[in-house]
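One structure is given below, encoded as structure tokens.
Whatever order the structure lists them in is the order used to number ligands and atoms, beginning at 1.
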Amino acid sequence: MPVSGLPPYDEGNIFARILRGEIPAKRVHEDEWALAFHDIAPQAPVHVLVIPKGPYVSLADFTAQASDAEIGGFWRAVGKVARDLGLEEKGFRTLSNMGFDGGQEVPHFHVHLFAGRPLGRMVSPAG
Ligand code: 5GP
């Protein structure tokens, strides 16, 4: 049971299908621990998603259940993607939505990586 307030991992979710190569994605990085690809509906000039290879529904699930090697490998991949895309000089934002209030749509843990323009305030006003 995932530790996240979300249903158990669904092997049919869209990112699981991308991992299995069943549907295409514009891949920018892949290693033992992570896959990174461009978001299908970018919200910034650069909008890349980084996902772990393992079946984790959310950040809460990932940090509770994944091994240290998976967690370390995943976060190193996030940093490598930002570096390889040349985002460090001007800066970027990482974000992970979790659960209902977080606005999570796809139930496979992922980190958004935004860059390419000033990104404004962190969170929009309530409403
Ligand atoms: P969430 O709201 O779960 O944090 O973000 C899910 C993200 O996945 C959204 O930004 C959405 O545009 C992206 N997305 C949904 N379906 C697909 C897809 O089939 N391919 C790609 N590349 N991105 C997708």
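Pro55 and Asp61 get closest at one heavy-atom pair: O-OD2, 4.1 Å. Closest non-hydrogen pair, Ala34 versus Lys53, comes out as N-CG, 3.7 Å.
Under the 3.5 Å distance criterion, the side-chain polar atoms of Glu70 are left unmatched by any main-chain donor or acceptor of Gln65.
Ring geometry, Phe114 versus His47: the interplanar angle falls from 30° to 60°, so the pair is classed tilted.
Taking the six-membered ring for Trp, His108 and His110 have ring centres at least 6.0 Å apart.
Every protein residue with a heavy atom nearer than 4.0 Å to ligand 1 is included here: Ile14, Phe15, Ile18, Phe37, His38, Asp39, Ile40, Ala41, His47, Leu49, Asn97, Gly103, Gln104, Glu105, Val106, His110, His112.
Phe92 shares a hydrophobic cluster with Val28, Val46, Val48, Val50, Tyr56, Leu59, Phe62, Ile71, Phe74, Trp75, Val78, Val81, Leu85, Leu87, Phe109, Val111, Leu113; the chain of contacts runs through ILVMFWY side chains whose heavy atoms sit under 4.5 Å apart.
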